[in-house]
Amino acid sequence: MFNSLSDRLTATFKNLRGKGRLTEADVDATVREIRRALLDADVAVPVVREFTGRVRERALGAEVSAALNPGQQIVKIVNEELVEILGGETRRIRLAKNGPTVIMLAGLQGAGKTTLAGKLSKWLKAQGHSPILVACDLQRPNAVTQLQVVGQRANVPVFAPHPGATSTELDQPAGDPVAVARAGVEEARQKLHDVVIVDTAGRLGVDAGMMEQARQIRRAIVPNEVLFVIDSMIGQDAVNTAMAFDEGVNFTGIVLSKLDGDARGGAALSVASVTGKPVMFASTGEGLDDFELFHPDRMASRILD
Ligand code: GDP
């Protein structure tokens with residue numbers, strides 16, 4: 001991802017090499033190229049406008065630096081702006097001071113939430129945590145089983161509403177995700193798990209019923225983090241989806257999934273920019289290890305490499 005954006009920007013900046021001083025026309029030409037490259041990478045129009053506006057303003061107002069030539073200065077500005085959009089400093093999970101850290105996953109069906117639950121729990125386990133997964137997606141027939149399979153692969157227990165097939169079982173009223181979520185957090189407390197990851201139901205599109213359910217779960221379990229999982233391939237739709245989820249559940253961080261595909265990267269930049277929320281993790285494949293902490297500075301450097 002970002003390969004073509006990266007190539008385009010690098011080519012643009014190459015044209016500035018060797019220039020002693022940048023005229024306003026040089027800056028404008030460069031900003032125009034940046035705008036085209038971002039639009040072609042599927043970054044949302046308002047985000048592109050804001051981004052290029054800031055770059056232009058800073059580039060024109062930049063103090064002459066002895067250490068950097070003007071071309072390098074623009075690269076530095078673009079780099080800083082990209083880092084800023086993607087969330088600034090690497091944002092780690094906020095752990096609860098008392099009791100288990102509760103992490104809720106939200107996003108459309110197929111975004112990659114259940115897969116992420118497995119990846120995140122394996123990753124946390126490797127760091128010495130003792131996570132438990134809670135299956136609150138009671139809408140999709142196979143969702144609970146899918147989470148159980150993921151839990152088995154990650155070697156992490158799954159709390160689910162159907163007794164029998166789970167490693168930690170209980171008699172919960174099947175069909176009430178809010179009750180299951182609450183009971184799952186209680187189970188974690190009792191069994192001394194220090195992290196609870198709550199998988200929730202998604203629909204194919206934003207839906208008022210689904211959002212209300214997610215909101216109720218959020219209210220019931222008071223999560224330390226609400227991670228919004230978004231398929232990086234969805235392009236321009238990403239902005240509306242992200243804004244609807246942000247309004248619905250006020251998420252605390254973004255997880256970009258399917259970064260291994262040929263997404264052009266626009267969704268990532270747009271979602272982070274319009275919500276002002278940090279990108280926290282990247283999912284890069286179907287395997288449990290295809291997952292990493294997201295570093296905005298490294299991603300920006302990769303784009304401008
Ligand atoms: P959910 O409906 O949000 O729980 O989504 P799932 O976790 O079931 O994922 C939907 C599909 O996307 C599954 O076939 C996953 O194997 C696949 N998937 C999830 N994350 C990734 C990823 O990072 N890369 C790729 N290539 N596929 C993924």
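Note that ligands are numbered from 1 as they come in the structure, with each ligand's atoms numbered from 1 the same way.
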Distance only, no hydrogens: is a donor on one side chain within 3.5 Å (strictly under) of an acceptor on the other, for Asp7 and Thr10? no
Taking a cutoff of less than 4.0 Å between a non-hydrogen atom of the residue and any ligand atom, is Ala111 in contact with ligand 1? yes
Between Glu212 and Gln216: side-chain donor-acceptor atoms closer than 3.5 Å: yes
Would you mind checking which non-hydrogen protein atom is closest to atom 4 (O) of ligand 1, with the distance to 0.1 Å? Thr114 OG1, 2.7 Å
For atom 24 (N) of ligand 1, closest protein heavy-atom neighbour: Asp260 OD1, 2.8 Å
Any luck finding a side-chain donor-acceptor pair between Arg203 and Gln139 under 3.5 Å? yes
Donor-acceptor pair between Asn224 and Lys97 side chains, under 3.5 angstrom: no
of all protein heavy atoms, closest to atom 8 (O) of ligand 1 is Gln146 NE2, 2.8 Å
Less than 3.5 Å between some nitrogen or oxygen of Lys258 and one of ligand 1, yes or no? yes
Please report whether ligand 1 has a polar contact with Asp199, defined as an N or O pair separated by less than 3.5 Å (distance criterion only). no
Does Gln109 reach ligand 1 with a nitrogen or oxygen that is under 3.5 Å from one of the ligand's nitrogen or oxygen atoms? no
State whether Lys113 and Asp199 are salt-bridged, where the test is any N-O pair (Lys NZ or Arg NE/NH1/NH2 against Asp/Glu carboxylate O) under 4.0 Å. no
Of Ala117, Gly285, Gly112, Ser283, the one whose closest heavy atom lies nearest atom 21 (C) of ligand 1 is Gly285
Salt bridge check: are Glu81 and Arg58 linked by an N-O gap of less than 4.0 Å? yes
Looking only at the side chains, is there a donor atom on one of Asp260 and Thr284 sitting less than 3.5 Å from an acceptor on the other? no
Atoms of ligand 1 under 4.0 Å from any heavy atom of Leu108, numbered from 1 in the order shown, are 3 (O)
What residue and heavy atom of the protein are closest to atom 10 (C) of ligand 1, and at what distance? Gly110 O, 3.6 Å
Looking at ligand 1, does Lys119 have a heavy atom less than 4.0 Å from it? yes
Say whether Asp290 and ligand 1 are in contact under the criterion: heavy-atom distance to a ligand atom below 4.0 Å. no
What part of Thr284, side chain, backbone, both or neither, has a heavy atom within less than 4.0 angstrom of ligand 1? backbone
Tell me the protein heavy atom at minimum distance from atom 16 (O) of ligand 1, and give that distance in Å. Glu286 OE1, 2.6 Å
Check whether NZ of the Lys or CZ of the Arg Lys122 lies under 6.0 Å from the centre of the six-membered ring of Phe291 and within 45 degrees of that ring's axis. no
Answer yes or no: does an N/O atom from Leu259 fall short of 3.5 Å to an N/O atom of ligand 1? no
Sort out for me which residue in Val271, Leu108, Asp237, Val279 forms a side-chain contact (heavy atoms from CB on, under 4.5 Å) with Ile230. Val271
Could Lys119 and Asp290 be called an ion pair, given the rule that one side-chain N must be under 4.0 Å from one carboxylate O? no
So which protein heavy atom does atom 19 (C) of ligand 1 come closest to, and at what separation? Thr115 OG1, 3.5 Å
